[in-house]
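Atoms within a ligand are numbered from 1 in the order they appear, just like the ligands themselves.
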Amino acid sequence: MDRYAVIGNPIAHSKSPRIHAAFAAQTGQQLSYEALLAPLDAFAATVLAFRDTGGRGMNVTVPFKLEAFELADRLTPRAEAAGAVNTLAFGADGILGDNTDGAGILRDITVNLRCPVHGRRVLLLGAGGAARGTILPLLDAAPASLTIANRTAAKAAELAYEFSASGAVRPTGCGFAQLAGQHFDLIINATSASLSDAAPDLPAGLYAPASLAYDMMYGKGETAFLAAARQQGAGRVSDGLGMLVEQAAESFTLWRGVRPDTHPVLAELRASL
Ligand code: ATR
């Protein structure tokens, strides 16, 4: 049986084995998918041992996405742009590194939530790895504008500069205070603030009518960012559970050549939170 795994540290609470088992059952694919804990200093050795014992591919999660980027022999353009790898595929020609996070969030926003990005004013909060991986897919969707805002303004400016020639629009980068007076149709929280139950300190009045607030994080209750967004007049709010399922579907499609239906899997996960 073809073997797959998600590798990280910690990994025990990963939902990926459950998601991929559901995809496999639904599409009639014979495969196993396990959660693999790698020691912090032995990521590459753990990956290679898995491959050498019949592994076909892996998902990579915290804190190994940069090491996976280094380990890959070949990178997809979207992994190159993200500077990080969340999906590995093992083949005769070496290790392919891909990044499905950006495609996953775009699909959740545009297909599941039916929120168009094309022609809309988009604000991306954060300038770390999670934000970086979202920029190219956002630009590819041709928004009216893309603003990257970060607590440390210089990092947002650098990131905007780096992607200045990547799409039809040129992203701008700034600190949170400089957002005052602007309005956005889509605001994505790619900061890690929700991990500490905090929300980015944003000026009031950023949400246009019918706007969507999207948090990449998810949990049982509403994140601090989504609660603040609702209070600030966001038309709709969504957490990142759909992104998790969609990035998994994108990896599954890369490995197996068949795209699973994410809706029942997302509904089942949502019910179990
Ligand atoms: P990740 O890989 O999840 O993106 P990261 O690279 O450590 O993690 O980046 C974390 C991001 O969250 C950064 O943009 C950070 O802002 P700074 O660059 O100013 O550090 C942002 N962040 C973390 N906690 C935050 C908070 N409480 N409010 C606002 N931004 C926060």
- Query: Parallel, tilted or perpendicular for Trp255 and His20, by the 30°/60° rule?
  - Reply: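 Rings of Trp255 and His20: tilted, as their planes differ by 30° to 60°.
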Select the closest option to [atom] among [options], judged by heavy-atom distance.
{"atom": "atom 10 (C) of ligand 1", "options": "Ala149, Ala199, Ser192", "result": "Ser192"}
{"atom": "atom 17 (P) of ligand 1", "options": "Thr152, Ile148, Thr191, Val62", "result": "Thr152"}
{"atom": "atom 18 (O) of ligand 1", "options": "Lys155, Met216, Met217, Arg132", "result": "Lys155"}

Any idea which protein heavy atom is nearest [atom], and the distance to it?
{"atom": "atom 13 (C) of ligand 1", "value": "Asn150 OD1, 3.8 Å"}
{"atom": "atom 25 (C) of ligand 1", "value": "Arg151 NH1, 3.3 Å"}
{"atom": "atom 5 (P) of ligand 1", "value": "Gly128 CA, 4.0 Å"}
{"atom": "atom 2 (O) of ligand 1", "value": "Gly129 N, 3.5 Å"}

Does the N or O separation between [X] and ligand 1 drop below 3.5 Å for any pair?
{"X": "Ala131", "result": "no"}
{"X": "Ala127", "result": "yes"}
{"X": "Ala130", "result": "yes"}

- Charged N-O contact under 4.0 Å between Asp201 and Arg151: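 No, this pair does not count.
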- Task: Indicate yes or no: does Glu250 engage Arg78 in a salt bridge with an N to O separation below 4.0 Å.
- Result: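 A salt bridge links Glu250 with Arg78.
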- Exercise check, heavy-atom protein proximity under 4.0 Å to atom 20 (O) of ligand 1: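 True for atom 20 (O) of ligand 1.
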- Message: Is atom 8 (O) of ligand 1 near the protein, in the sense that some protein heavy atom lies at less than 4.0 Å from it?
- Response: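 Within 4.0 Å: no protein heavy atom nearby.
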So, [X] versus [Y]: side-chain donor-acceptor pair below 3.5 Å or not?
{"X": "Asn59", "Y": "Tyr4", "result": "no"}
{"X": "Arg3", "Y": "Thr53", "result": "yes"}
{"X": "Asp215", "Y": "Thr223", "result": "yes"}
{"X": "Gln247", "Y": "Asn86", "result": "yes"}
{"X": "Asp239", "Y": "Tyr214", "result": "no"}
{"X": "Asp98", "Y": "Thr87", "result": "no"}

- Task: Please identify which atoms of ligand 1 are closer than 4.0 Å to at least one heavy atom of Gly126.
- Result: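 Near Gly126, meaning under 4.0 Å from one of its heavy atoms, ligand 1 has 14 (O).
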